[in-house]
Protein chains: 2
Amino acid sequence: MCQAGWVRADARKNYDHLLEVARGIVAEHGADASLRDIARTAGVGLGTLYRHFPTREALLEALLRSSFAALTARAVDLAGTLPPGEALLSWTRECTRFTTTYHGVTQVMVAAIEEPDSALHASCVELRAAGARLLRRAQEAGDARDGMDGTDLFALIAGLAWLGDQAALADRAEHLFEVIAVPALRARPVVGETV
Amino acid sequence: MCQAGWVRADARKNYDHLLEVARGIVAEHGADASLRDIARTAGVGLGTLYRHFPTREALLEALLRSSFAALTARAVDLAGTLPPGEALLSWTRECTRFTTTYHGVTQVMVAAIEEPDSALHASCVELRAAGARLLRRAQEAGDARDGMDGTDLFALIAGLAWLGDQAALADRAEHLFEVIAVPALRARPVVGETV
DNA sequence: ACCTGAACACCGTTCAAGT
DNA sequence: ACCTGAACACCGTTCAAGT
């Protein structure tokens, strides 16, 4: 939950409180919230924040870790529950929605996926792998287009999440998913849809 | 080209030089380049920059104006040259590519489309209208999906442009266009494509 | 060990003072 | 009319000094 090994009780307390405060401030101001503001609100010196979270990504990773793990697990659940094509679509939808939870997270995730030094790298790679498995399964069942790989799916999710994060388009997020993601992922048009 | 009416020669010269310098710096550092840096490089006081370009959007608008007009005109050209579905696809591709010219412009454009006070509003609305005409024409010919409007197309372009603007995905931009935009826009799968 | 906060080098934006 | 640059209120990041 915290760092490895033993830590002084006050350090542990600072870490937890900092994280709690950061969650609120990042929820309000997005991924590029003022770190100074977070430290100040937590009643802690700026250096303390940097000690516990040496980079902004480290802080975001601590904030997002459990959700990433949940989404990775969710991919397995869906694969065991729904037919391949539906599992892929549902998971893509859930990922897209989640990524909109905090403003500006999409940008950071896309940057992290090819940046091994980023604290968010591992989570993003896992997420991409989970998506890739669902995608392959759907492709093998003939329920998804060929010519797409895990990175394409990751990009599709990121693009839609980014659109949903824009104030001017937020209320169209669901519709944009139907209009962009569904045709990109489905192998054949569904009966009753546009010719 | 400049402001309306007569201006002092020195003011005119400052305006032009500022714009020239800004083009280089925005090309290098993106839409959120330092305004101080631009003024400094242009050898001009910070207040002078603000006098000529009261907001960052005003500066970007001056930088992008002619390209926006060219893209709007290009839509008419393509409509008179290619079959409806192809015209739509080509224009969408050109818009997507152009928007990647300066880093971070996509973000500003999406913000401007629903912000009438933005200096970029008019250009973006024109662009959306030009796209909407191509889209409608393709839909009437049965060459594009129904259920999409001009804003959806604008969002599609913006999403793809944003993906192409991310370092981790830039080299996949063309491929992502094929994988995301093409199936979203085409009414029926092309013969020879994935089932 | 851990914490603090001043220090440094940057921002965007405004506005009194100059020509 | 137009220009200048100091002033103000912010940043992120580092690091000597404290406990």
Side-chain angles (χ1 to χ4, degrees), chain A residues 2-22 25-26 28-63 103-104 107-108 111-112 115 117-120, chain B residues 2-22 25-26 28-63 103-104 107-108 111-112 115 117-120:
Chain A
C2 190
Q3 301 97 324
W6 280 104
V7 283
R8 256 165 47 177
D10 57 340
R12 169 68 192 253
K13 196 179 159 197
N14 275 336
Y15 180 94
D16 292 342
H17 187 224
L18 225 18
L19 205 52
E20 189 189 356
V21 167
I25 293 188
V26 171
E28 192 174 357
H29 298 297
D32 50 357
S34 161
L35 299 179
R36 235 193 194 80
D37 194 18
I38 293 172
R40 193 165 34 216
T41 307
V44 131
L46 205 36
T48 303
L49 187 149
Y50 274 92
R51 159 176 292 270
H52 288 299
F53 307 103
T55 65
R56 180 175 232 105
E57 280 83 30
L59 178 58
L60 291 173
E61 196 272 337
L63 240 38
H103 294 302
Q107 183 105 235
V108 188
E115 187 50 72
D117 292 341
S118 167
L120 282 158
Chain B
C2 188
Q3 302 98 326
W6 280 105
V7 282
R8 255 164 48 175
D10 58 339
R12 169 68 191 255
K13 197 180 157 194
N14 275 337
Y15 180 94
D16 292 342
H17 187 224
L18 225 19
L19 204 52
E20 189 188 355
V21 167
I25 293 187
V26 171
E28 193 173 357
H29 298 296
D32 51 356
S34 161
L35 299 179
R36 234 191 194 84
D37 194 18
I38 293 172
R40 193 165 35 215
T41 307
V44 131
L46 204 37
T48 303
L49 187 149
Y50 273 93
R51 161 175 289 270
H52 289 299
F53 308 103
T55 64
R56 179 176 232 105
E57 280 83 30
L59 177 58
L60 291 173
E61 196 272 337
L63 239 39
H103 293 302
Q107 183 106 236
V108 188
E115 187 50 70
D117 292 341
S118 167
L120 281 158

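Chain letters run A, B, ... following the sequence lines, proteins first and then strands; every chain starts at 1.
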Q) Once you round it to whole Å, what is the distance between C1' of C:dT13 and CD1 of B:Ile38? A) 15 Å

**Q.** Polar side-chain atom of A:Arg56 near backbone of A:Ala31 as donor-acceptor pair, under 3.5 Å
**A.** yes

Q. Are B:Leu60 and B:Thr55 close enough, and set up right, to give a side chain to side chain contact (heavy atoms under 4.5 Å, CB included), and what steps lead you there?
A. CA-CA 9 Å; B:Leu60 291 173; B:Thr55 64; over 6 Å; no

Q: May I have the distance from B:Phe53 (atom CZ) to D:dC3 (atom P), rounded to whole angstrom?
A: 11 Å

Q. Atom CG of B:Asp37 and atom P of C:dC10: how far apart are they, to the nearest Å?
A. 10 Å

Q: Look at the side-chain N and O atoms of B:His52 and state whether any lies under 4.0 Å from the OP1 or OP2 oxygen of D:dC3.
A: yes

Q. Should we say atom NE2 of B:His29 is surrounded by more than 12 heavy atoms from elsewhere, each under 6.0 Å from it?
A. yes

(Q) Without decimals, in angstroms, what is the distance between B:Leu35 CG and C:dC10 P? (A) 16 Å

(Q) Counting the atoms with a prime plus P, OP1 and OP2 as sugar-phosphate, which does B:Leu46 contact under 4.0 Å by heavy atoms, base, sugar-phosphate, or nothing? (A) base

Q) In Watson-Crick or G-U wobble terms, both distances under 3.5 Å, what is the partner of D:dA7? A) C:dT13

Q) Who does D:dG18 pair with, Watson-Crick or G-U, both distances under 3.5 Å? A) C:dC2

Q. Quick one: on DNA chain C, does B:Arg8 or B:Tyr50 contact a more 5' nucleotide (nearest heavy atom)?
A. B:Tyr50

**Q.** Contact under 4.0 Å: A:Ser34 side-chain N or O vs D:dG12 OP1/OP2
**A.** yes

Q. Side chain to side chain contact (heavy atoms under 4.5 Å, CB included) between A:Leu18 and A:Leu59: does it pass, once the steps are laid out?
A. CA-CA 9 Å; A:Leu18 225 18; A:Leu59 178 58; over 6 Å; no

Q) On DNA chain C, nearest-nucleotide positions of A:Thr48 versus B:Asp32: which is more 5'? A) A:Thr48

(Q) So A:Ala33, base contact, sugar-phosphate only, or nothing? Heavy-atom distance under 4.0 Å. (A) sugar-phosphate

Q | Rounded distance (Å) that lies between atom P of D:dC2 and atom CZ of B:Arg51 | A | 6 Å

Q: Take the protein atom CZ of B:Arg12 and the nucleotide atom P of D:dC2, then report the distance between them rounded to whole Å.
A: 13 Å

Q) To the nearest Å, how far apart are B:Arg40 CZ and D:dT4 P? A) 14 Å

Q: Could you tell me whether the side chain of B:Thr48 and the main chain of B:Val44 form a donor-acceptor pair under 3.5 Å?
A: no

Q | Phosphate OP1/OP2 of D:dC3 contacted by B:Asn14 side-chain N/O (<4.0 Å) | A | yes

Q: Would you kindly check whether a donor in the side chain of B:Arg36 faces an acceptor in the base of C:dG12, or vice versa, at under 3.5 angstrom?
A: yes

Q. Taking atom C1' of C:dA6 as reference, at what distance in whole Å does atom CG of A:Leu49 sit?
A. 17 Å

